Amino acid sequence: MNRAVRSVPNNVLPMRRPARTAVQERATRTAVQVRRQLALLQGYADLMEGLSPEQNIRILRVIAEKIRELTLALHPFLEQAEQRARHIEDYRQARIRTRRLLTDYRQLLDRLHTTMNEAHAGAVPPVA
């Protein structure tokens, strides 16, 4: 190998990671929270085996509170998904309407051509 090829790795600079957006940061924090809450829920479920009914009720109340926290943490992401679903439905409706309009346009254009051909069939050609 020549000397220039061996020196290339020393000249390579590491690329900076792109800055995370606020949405990405929020998603990362929420993912960490979800993992933590799910681990707690699994632990609580494991604890319930062999306990008295009163203790099970207390644990179930804690589980319900943790599920409520999870629901609140995930709610903004659910709203975004619902909005995207509405946008997709709007797009589908617009596409259906466009297809109908194009079909109507083609039918009217065919009728116009037919009418023009009938009108020209009986006409006398102009004399130059």
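Computed from heavy atoms alone, side chains included, the values below leave out hydrogens, waters and symmetry copies. Source: prediction; values computed, not measured.
Listed by first and then second residue, the side-chain hydrogen bond (donor to acceptor under 3.5 Å, both in side chains) pairs involving residues 92-112 are E89-Q93 (not counting sequence neighbours).
Considering only residues two or more places apart in sequence or on other chains, T30 meets the side-chain hydrogen bond (donor to acceptor under 3.5 Å, both in side chains) condition with none of them. In this structure H75 satisfies the side-chain hydrogen bond (donor to acceptor under 3.5 Å, both in side chains) test together with E79, sequence neighbours excluded. Contacts of E54 classified as salt bridge (Lys or Arg N to Asp or Glu O under 4.0 Å), with partners at least two apart in sequence or in another chain: none. In this structure, N117 has no side-chain hydrogen bond (donor to acceptor under 3.5 Å, both in side chains) partners at least two apart in sequence or on a different chain. Not counting sequence neighbours, the partners of R20 by the side-chain hydrogen bond (donor to acceptor under 3.5 Å, both in side chains) test are T28. Remark: I63 pairs with L41, Y44, M48, I59, L60, I67 by the side-chain contact (heavy atoms from CB on, under 4.5 Å) rule, at least two apart or across chains. The salt bridge (Lys or Arg N to Asp or Glu O under 4.0 Å) test applied to R68 returns E65, not counting sequence neighbours. Residues passing the side-chain contact (heavy atoms from CB on, under 4.5 Å) test with Q37 are Q33, L40, K66, E69, L70, sequence neighbours excluded. Partners of R61 under the side-chain contact (heavy atoms from CB on, under 4.5 Å) rule, at least two apart in sequence or in another chain, are I57.
A distance of 6.5 Å separates CZ of R29 from CD of E25, quoted to the nearest 0.5 Å.
The shortest distance between side-chain heavy atoms of M116 and H113 does not fall below 4.5 Å.
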